[in-house]
Every structure is written in C-alpha cells, then in structure tokens.
Amino acid sequence: MTASKRIVLSSDHAAIPLRQTIATHIAAQGWEVVDIGPATPESTHYPRHGQEAARRVASGDCRLGIILCGTGQGIMMAANKVAGIRCGVCSDAFSARMIRAHNDANMLSLGARVIGEGLALDTVDAFLSTDFEGGRHATRVDMIETTVD
Ligand code: RB5
C-alpha cells in the first residue's frame, strides 16, 4: 500500500481507549493504520508521542496523522515543532473539514477529555474525507511554512 492510505495514530495515557476506537473505525474505511502506541496506560509524556507521530508524516511514511492527549493541545503544540507539520486541535466536524480544505493540515489532534466518542469519530471522518482546496489557500499555507523570528 502507498502512503496515500497510511495514517499514523498516537496519544498519551489520557487517550488510549479513544485512540483504539478511532483506529478500528478508520481501518474499516480502508486506512492502513500505523498505531505507534502507547499500548499501556502508565503516565507518559505527550511531546514524545506527538513528535514521533509527526516525524512519520513529515518523512512521507504516512500521509496523515491523528494524535490525542487529554485536551489535544499539548500534543498538537509538540507535533507542530516538526518541520512540515500543520496540526490543529478540533472538536467539531466543521473545523476538521476546514483545516484540511484551507490549511492543508496533515495532522489532527483531539482531546479525549474534551469530546465523546461520537463527536470524535464525526470529527475524524470530516478530516479524512476533505481535500485541500489549493489556490489562494496555497499562498497562505506557504506563508505558514515561513519561519519568522
Ligand atoms: C496529561 O495529564 C495531560 O496534561 C495531557 O494529556 C494533555 O492534556 C496535555 O496537553
């Protein structure tokens, strides 16, 4: 399978059951899920997991990534430190659709202590079924990629 249907999933300890539910859900849609854990619920450090997932996307091994922590915020901040990663936290389908369509986000972050399973799966579905629109949005995405002091 090419990277086009390969997606990496990761989380910290706060989001393991929701991550596993998402993995099952999207595998049933034909995605090749690369779930890099963690598998056990001991307290761990979300930056490590966010950046490991981000590196899988930045390297081209996986086309997209979904990461989770309690709020989705910390792991998102860590992932966005990896060059080429555009990750947004979403708690609704509209935002998830727009970060793909307008921001060409390649990673989605979710807060397992913020949203329930139904809303999380709806948000994931919106993210995975939307393409980048390009055009004027490409100019702006290029600007995001420009590092400023
Ligand atoms: C872990 O307790 C929690 O801080 C983490 O899951 C996340 O919410 C951080 O942003």
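Whatever order the structure lists ligands and atoms in, that order sets their numbers, starting from 1.
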Under the side-chain contact (heavy atoms from CB on, under 4.5 Å) test against Cys87, which residue among Met77, Met107, Lys81 passes?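 So the option named by the test is Met107.
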
From Pro17, Pro38, Cys69, Ser109, residue fulfilling side-chain contact (heavy atoms from CB on, under 4.5 Å) relative to Ser11: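 Only one option passes, and that is Pro38.
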
For [X], counting its heavy atoms only, list the atoms of ligand 1 lying under 4.0 Å from any of them.
X: Asp12; answer: 1 (C), 5 (C), 6 (O)
X: Arg113; answer: 1 (C), 2 (O), 3 (C)
X: Ala14; answer: 6 (O)

Donor-acceptor pair, side chain of Gln51 and main chain of Ala78, under 3.5 angstrom: yes

Using only atom types and a distance under 3.5 Å, with no angle test, would you say the side chain of His13 pairs donor to acceptor with the backbone of Thr44?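 Checking the backbone N and O of Thr44 against the side chain of His13, a donor-acceptor pair under 3.5 Å is found.
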
Gly70 N/O under 3.5 Å from ligand 1 N/O: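 Yes, there is a polar N/O contact under 3.5 Å.
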
Check: Gly74 N/O within less than 3.5 Å of ligand 1 N/O: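 There is such a contact, yes.
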
Thr71 and ligand 1 - part of the residue with a heavy-atom distance under 4.0 Å: both

Taking heavy atoms and a distance under 4.0 Å, where does Cys69 meet ligand 1: side chain, backbone, both or neither?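 Near ligand 1, Cys69 shows its backbone as well as its side chain.
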
I'd like to know if the side chain of Thr130 pairs up with that of Arg100 as donor and acceptor (distance under 3.5 Å, no hydrogens or angles considered). no

Any luck finding a side-chain donor-acceptor pair between Asp125 and Gln29 under 3.5 Å?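 Note: Asp125 and Gln29 side chains meet the donor-acceptor criterion.
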
His137, NE2 atom: more than 12 neighbouring heavy atoms under 6.0 Å: yes

Close approach of Met77 to ligand 1, heavy atoms, under 4.0 angstrom: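 Heavy atoms of Met77 never come under 4.0 Å of ligand 1.
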
Protein contact of atom 4 (O) of ligand 1 - nearest heavy atom, named by residue and atom, plus distance: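 Sorting protein heavy atoms by distance from atom 4 (O) of ligand 1 puts Tyr46 CE2, 4.3 Å first.
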
